Every structure is written in structure tokens, then in C-alpha cells.
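Because the structure is a prediction, the values reported are computed rather than measured.
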Amino acid sequence: MPITCFIRYEIDPIQRDAFREYAGNWGRIIPRLGGRLLGYFLPHEGTNYEAWGLVGFDSLADYEAYRLRLKNDGEAVANFQFAREKRFILREERTFLENAA
């Protein structure tokens with residue numbers, strides 16, 4: 001069953017550009033490692049501290065295999081490190097969704 005990993009980020013609104021760079025890096029990494037990037041989104045109007053990422057997988061098992069590949073990929077590890085060093089992500093939550101229609 002296809003699933004979507006919905007990631008909700010609480011970000012430092014002063015560091016929008018850093019989050020944009022982080023998301024752009026995932027735009028190259030995720031497809032190479034087996035995920036279907038549906039998009040990363042920054043707030044445009046309204047709440048300025050929430051951002052989202054959506055990544056599709058054919059199954060939860062495919063997601064788990066993807067997570068293992070992430071841990072061993074130099075570019076992915078560097079992107080995680082970039083986020084830790086800059087501290088623009090204050091909180092991150094993942095929810096797994098199934099298609100309803």
C-alpha cells in the first residue's frame with residue numbers, strides 16, 4: 001500500500017533561507033535514495049514558523065529501507081549536520097498517511 005511521509009517542521013522564521021537550502025538539498029538526495037519527493041513547503045502567509053515536507057513510498061518497508069540508505073549516504077549525513085549546526089529546525093514530527101482515494 002502506498003504511503004506518504006508527512007513531515008511537519010517548526011522552524012526559526014529568521015532562518016527561512018537556511019531551511020530553503022536544506023529542502024533543496026533533499027530535492028537531490030531523496031529521489032536518488034528511493035523516495036518520491038512530493039515537495040517541501042515554506043509558509044507564505046500567516047503562521048511563519050511551520051514548514052512541511054512530503055515524501056511518497058510504495059510501502060512502509062520501502063520507507064524503512066530508504067532510512068537505512070540515508071544513514072550511509074554522505075550527502076544526506078552532511079545535510080542533517082547542516083541542520084544541526086545552523087539550528088533552524090526547532091522541532092520535527094512525522095506522520096504516515098495512506099491514500100484515501
Just how far is it from atom [atom1] of [X] to atom [atom2] of [Y], taken to the nearest 0.5 Å?
X: N48; Y: E50; atom1: CG; atom2: CD; answer: 9.5 Å
X: L68; Y: D73; atom1: CG; atom2: CG; answer: 12.5 Å
X: I3; Y: N99; atom1: CD1; atom2: CG; answer: 10.0 Å
X: L37; Y: R28; atom1: CG; atom2: CZ; answer: 12.0 Å
X: D62; Y: R67; atom1: CG; atom2: CZ; answer: 14.5 Å
X: I7; Y: W52; atom1: CD1; atom2: CH2; answer: 13.0 Å

Indicate if [X] and [Y] have the same hydrophobic cluster label, given that clusters are the connected sets of ILVMFWY residues with side-chain heavy-atom separations under 4.5 angstrom.
X: L60; Y: V55; value: yes
X: F57; Y: I29; value: yes
X: L97; Y: I30; value: no

Exercise. Where does the angle between the aromatic ring planes of Y22 and W26 fall among parallel (under 30°), tilted (30 to 60°) and perpendicular (over 60°)?
Worked result: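 The rings of Y22 and W26 stand perpendicular, inter-plane angle above 60°.
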
For this session: Give the ring-plane orientation class for F82 versus F88, where under 30° counts as parallel, over 60° as perpendicular and anything between as tilted.
Result: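 Tilted: the ring planes of F82 and F88 meet at 30° to 60°.
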
Exercise. So, R91 side chain and R8 main chain: donor-acceptor pair closer than 3.5 Å or not?
Worked result: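 Side chain of R91 to backbone of R8: no pair is present.
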
Problem set entry | Any donor-acceptor N/O pair, E98 side chain to M1 backbone, under 3.5 Å |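 The answer is no, because no donor-acceptor pair under 3.5 Å joins these two groups.
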
For this session: Tell me, with the steps shown, if Y40 and F19 meet side chain to side chain contact (heavy atoms under 4.5 Å, CB included).
Result: CA-CA 10 Å; Y40 269 86; F19 184 85; 3.9 Å; yes

For this session: Indicate yes or no: does E75 engage R32 in a salt bridge with an N to O separation below 4.0 Å.
Result: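 A salt bridge is present here (some side-chain N lies under 4.0 Å from a carboxylate O).
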
Near [X] [atom1], under 6.0 Å, is it more than 12 heavy atoms from other residues, nucleotides or ligands?
X: R87; atom1: CZ; result: no
X: R94; atom1: CZ; result: yes
X: E93; atom1: CD; result: yes

For this session: Would you sort out whether F80 and L70 count as a side chain to side chain contact (heavy atoms under 4.5 Å, CB included), showing the intermediate values?
Result: CA-CA 10 Å; F80 285 128; L70 274 179; 4.3 Å; yes

For this session: Test D58 against R36 for side chain to side chain contact (heavy atoms under 4.5 Å, CB included), laying out the working first.
Result: CA-CA 9 Å; D58 290 333; R36 285 187 307 280; 3.0 Å; yes

Problem set entry | L54/F41 under side chain to side chain contact (heavy atoms under 4.5 Å, CB included): CA gap, chis, key distance, verdict | CA-CA 9 Å; L54 286 88; F41 305 90; 3.7 Å; yes

For this session: Using a 4.5 Å cut-off on heavy atoms from C-beta on, say whether the side chain of R16 contacts that of P43.
Result: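 With C-beta onward as the side chain, the pair touches.
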
Minimum-distance pair of heavy atoms, taken over all atoms of [X] and [Y]:
X: G53; Y: Y9; value: N-CE1, 4.0 Å
X: G35; Y: Y66; value: N-CD1, 4.0 Å
X: L42; Y: I11; value: CD2-CD1, 3.7 Å

